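Have a look at the structure below before the remarks.
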Amino acid sequence: MKQHIKCISCQFRPTTKHYPTTIVLTEKDQVEKKKGGKKTKRSFVEKLLKFTGKVVLLALFQTLASKQTKKKVSYITIGSLLFQGPRQVIIEATWRPLLFVTLAPPVVRSFDPSLYRTLQFWSRVIPIYIGYKITQREAQALPEEEKRLLWEKRHEWGSEKVYKLCTELRGFYLKDGQFLGTRADFMPAAWIRRLKTLQDEVPPVPFRDIQRTIETSLKRPLVELFEWVDPIPLASATIAQVHCARMKTSGQLVAVKAQYADQERLCRLDLSNLYRLALFLQKHDLKFDLVSVVEEFQNQIPLEFDFEREAQMMQRISNNLSRAGIIPDRVVIPYVVENLVCRKVIVMNFIQGIKIDRLAVTEDFPNIDRIAVLENIAMAYGHMLLVDGLFHADPHPGNLIFLQDGRIGIFDFGQVKELEDELRARLCELFEALARGDKKDIANAFCSLGIQVEQNEYSEELLSLYAAGLFDTCALPREIEINPFSETSPLKTSRIRFFPSSLFMILRAMQLLRALVSALGCDFSFARVFASFVTTSGKKVSTDSEWITSSSSK
């Protein structure tokens with residue numbers, strides 16, 4: 001008899017009976033089922049809206065994004081439209097931050113242009129500062145040759161960054177870059193090579209913008225005033241652009257100087273940013289009273305935007321130098337064309353010449369006596385500073401030209417400073433002491449100006465060195481460097497704790513003249529020429545010259 005054996009799993013498996021299943025839906029379930037029936041249609045509408053939104057955002061990106069960002073934005077957005085699932089998640093994880101980075105700046109620029117410009121400034125300055133601090137630390141442990149190569153590489157990088165900051169943001173940063181580009185005795189060679197191009201290679205603004213300013217300010221169309229205007233500028237400066245033109249009535253060649261739109265507001269904002277930077281650098285890096293420097297600029301720069309004032313200063317200085325015989329024998333100053341000057345536009349006679357620093361290229365100008373050129377400039381500035389007390393404070397190479405007959409043309413009288421008699425008398429004492437080379441008298445005259453130097457003990461040697469470096473143009477001893485990047489610089493050891501703001505425009509003019517002497521490859525002391533005016537000036541009180549019309553000044 002056969003025996004049926006069940007496996008253990010079958011023995012204990014419960015027997016299950018199958019019954020027909022009936023699902024009963026409640027009224028609530030039936031309502032939810034009806035809602036679910038529309039799910040497919042709604043899903044399609046949502047996808048369509050999402051797709052449309054991304055297309056709109058892509059178009060917005062193309063409008064607002066920078067040239068560098070547009071292509072990346074296009075690829076990522078198209079990818080998020082084509083791919084689904086995990087790949088879309090990855091793409092959108094990249095897409096959303098890029099959305100913020102691309103759209104945030106234009107939004108900030110639209111709602112708060114000042115904040116946008118401030119962010120643009122600091123986003124450029126901070127990497128430059130950090131880069132130099134990194135190099136400073138890395139260079140400490142390197143041999144001299146490797147250290148030199150490392151610094152050269154950093155200076156090339158830094159000069160390009162600063163150049164882009166100046167040309168892209170323009171405003172006062174451009175003027176700052178022009179000043180640094182003249183300081184061959186103070187700044188690294190790579191900076192000088194790059195920033196000196198700001199004197200005559202500043203990217204111009206479109207001529208249509210300049211034309212709008214001229215016609216609006218003079219309240220007449222160009223065709224009524226000029227036979228022709230060259231759309232290519234003679235010079236692009238910080239606040240204005242200069243174009244050559246021919247007068248329609250007289251046929252005279254003139255130079256038309258017109259301001260850039262909205263530049264005054266930008267310069268004020270730029271100075272506030274530079275003030276914060278000066279506070280930081282003065283506290284942590286440079287042992288110099290940078291804050292007083294910026295404060296003087298804050299007082300002086302607004303005056304540059306009044307071309308009517310510039311015309312008056314130009315006429316006054318021209319009258320003063322004419323009475324002294326310096327005009328027309330040594331220098332030439334342009335005159336204003338009658339009735340063609342207003343706050344934003346000034347029209348002057350055209351003077352032909354070459355930029356003063358081109359004389360350094362001896363192959364092109366082998367027969368020019370560069371010492372005689374410097375003497376002409378020194379005679380003009382000595383008279384302005386010590387006799388008249390009213391001087392042109394911006395003698396960079398873009399504002400000085402050499403004429404074929406050997407005279408010097410001086411331009412751009414936006415930065416003009418008037419000195420009080422007491423300060424003028426103290427300057428006479430300083431320049432006389434510098435010319436004699438008496439260190440004790442130099443130190444006393446230097447301190448009498450109100451400059452405070454941080455030092456452990458009184459040092460006539462140190463003070464006379466500072467006086468010569470800051471207020472004269474003669475070559476300093478070989479072992480001394482005023483370069484702030486040098487470890488042997490006096491600025492590293494003896495800080496100028498306080499520098500009166502009233503002296504800064506004098507200092508700026510003297511430093512630009514020192515840079516010019518260095519560029520021409522000469523060892524020339526302006527102080528020795530200035531000393532010849534000390535007896536002439538005495539206690540002479542500077543008098544205002546009456547206004548003389550352009551017709552009588554011809």
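This structure is a prediction, so every number in the text was calculated from the model and none was measured. Hydrogens, waters and symmetry mates are skipped; everything else that's a heavy atom, side chains included, is used.
- With sequence neighbours excluded, the residues that form a salt bridge (Lys or Arg N to Asp or Glu O under 4.0 Å) with D394 are K175, R508.
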Would you please test L423 and L503 for side-chain contact (heavy atoms from CB on, under 4.5 Å) and show each step? CA-CA 9 Å; L423 175 57; L503 290 174; 3.6 Å; yes
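- Under the 3.5 Å distance criterion, the side-chain polar atoms of Q263 are left unmatched by any main-chain donor or acceptor of A240.
- A cation-pi arrangement, defined by a distance under 6.0 Å to the six-membered ring centre and an angle within 45 degrees of its axis, is present between R154 and W157.
- Contact of the L470 side chain with the M510 side chain is not registered, since no non-hydrogen atoms from C-beta on lie closer than 4.5 Å.
- Legend: residues meeting salt bridge (Lys or Arg N to Asp or Glu O under 4.0 Å) with K133, ordered by chain and number and at least two apart, are D285.
- Taking all atoms of both residues into account, the shortest heavy-atom contact from F526 to L374 is CZ-O, 4.0 Å.
- Note that CG of L427 is 11.0 Å distant from CD of E422, once rounded to the nearest 0.5 Å.
- Using a 4.5 Å heavy-atom cutoff, the side chains of Y173 and V162 are not in contact.
- Between the side chain of E418 and the main chain of D388, no donor-acceptor pair closer than 3.5 Å is present.
- Counting heavy-atom neighbours within 6.0 Å of E224 CD, excluding the residue itself, gives a total above 12.
- Side-chain atoms of R316 and Q312 include no donor-acceptor pair closer than 3.5 Å.
- Nearest heavy-atom pair across P233 and P204 is CG-CB, 3.7 Å.
- K248 places a side-chain N or O within 3.5 Å of a backbone atom of V223 that can act as its donor or acceptor partner.
- Looking only at side-chain heavy atoms (C-beta outward), H396 and N399 come within less than 4.5 Å of each other.
- Proximity of I354 to L359: side-chain heavy atoms (C-beta onward) are separated by under 4.5 Å at one or more points.
- Put simply, CE on M314 and CE on M348 are 5.5 Å apart, with the number rounded to the nearest 0.5 Å.
- Panel note: side chain S322, backbone S318; a donor-acceptor pair is recorded below 3.5 Å.
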Donor-acceptor pairs are to be reported for all side-chain atoms of residues 406-414 against protein atoms at under 3.5 Å, with residues two or more places apart or in another chain.
unit_1	atom_1	unit_2	atom_2	d
R407	NE	D405	OD1	3.4
R407	NE	D405	OD2	2.9
R407	NH1	P328	O	3.0
R407	NH2	D405	OD2	3.0
D412	OD1	K257	NZ	3.2
D412	OD1	G414	N	3.3

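- Remark: aromatic rings of F533 and F431 are distant, center separation not under 6.0 Å.
- R514 contributes a side-chain N or O that, together with a main-chain N or O of D472, makes up a donor-acceptor pair within less than 3.5 Å.
- Note: F207 CZ to D230 CG = 8.5 Å, rounded to the nearest 0.5 Å.
- Side chain of Y260 to backbone of I239: no donor-acceptor contact under 3.5 angstrom is found.
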Might you work through the salt bridge (Lys or Arg N to Asp or Glu O under 4.0 Å) test for R194 and E160, ending with a clear yes or no? CA-CA 7 Å; R194 196 69 182 102; E160 189 62 32; 2.8 Å; yes
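- Distance CG/L419 to CD1/I506: 4.5 Å, rounded to 0.5 Å.
- Taking every heavy atom of both residues into account, L512 and A393 meet most closely at CD1-O, 4.4 Å.
- For E227, the salt bridge (Lys or Arg N to Asp or Glu O under 4.0 Å) criterion is met by no residue, not counting sequence neighbours.
- Counting heavy atoms from C-beta outward, E168 and R124 have side chains that approach closer than 4.5 Å.
- When the side chain to side chain contact (heavy atoms under 4.5 Å, CB included) test is applied to S217, the partners found at least two apart in sequence or on another chain are T213, C342, K344, V345.
- Taking both residues in full, the closest heavy atoms of L386 and F530 are given as CD1-O, 3.4 Å, listed atom of the first, atom of the second, then distance.
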Going through the distances and angles, do M384 and H392 end up as a side-chain contact (heavy atoms from CB on, under 4.5 Å)? CA-CA 8 Å; M384 284 188 282; H392 176 273; 4.2 Å; yes
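- Side-chain contact between M313 and L303 is absent, with no heavy atoms from C-beta onward closer than 4.5 Å.
- Between atom OH of residue Y116 and atom CG of residue L269 there is a gap of 13.0 Å, rounded to the nearest 0.5 Å.
- The only member of V229, L234, V254 that meets side-chain contact (heavy atoms from CB on, under 4.5 Å) when paired with H243 is V229.
- The backbone N or O of E304 sits nowhere less than 3.5 Å from a side-chain atom of E310 that would complete a donor-acceptor pair.
- Of the possible donor and acceptor atoms, one in the side chain of N319 sits under 3.5 Å from a partner among the backbone N and O of Q315.
- A 4.5 Å side-chain heavy-atom check between I368 and F402 finds at least one atom pair inside the cut-off.
- In the model, R276 has a side-chain atom that pairs as donor or acceptor with a side-chain atom of N273 under 3.5 Å.
- Ring planes of W191 and Y132: perpendicular class, angle over 60° (limits at 30 and 60°).
- Taking all atoms of both residues into account, the shortest heavy-atom contact from A258 to I210 is CB-CG2, 3.8 Å.
- In this structure, the separation between CG on D306 and CD1 on I346 is 10.0 Å, given to the nearest 0.5 Å.
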For L225 and L340, run side-chain contact (heavy atoms from CB on, under 4.5 Å): C-alpha distance rounded to whole Å, both residues' side-chain angles, the deciding distance at 0.1 Å, then the answer. CA-CA 10 Å; L225 294 169; L340 288 182; 4.0 Å; yes
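- A donor-acceptor pair is defined here as one N or O able to donate and one able to accept, closer than 3.5 Å; such a pair exists between the side chain of T473 and the backbone of F524.
- Not one N or O on the side chain of Q415 forms a donor-acceptor pair closer than 3.5 Å with the backbone of A509.
- For R246, the salt bridge (Lys or Arg N to Asp or Glu O under 4.0 Å) criterion is met by no residue, not counting sequence neighbours.
- L277 approaches F121 most closely through the heavy-atom pair CD2-CZ, 3.9 Å.
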Would C244 and L253 count as a side-chain contact (heavy atoms from CB on, under 4.5 Å) here? Give the steps. CA-CA 7 Å; C244 183; L253 276 180; 4.0 Å; yes
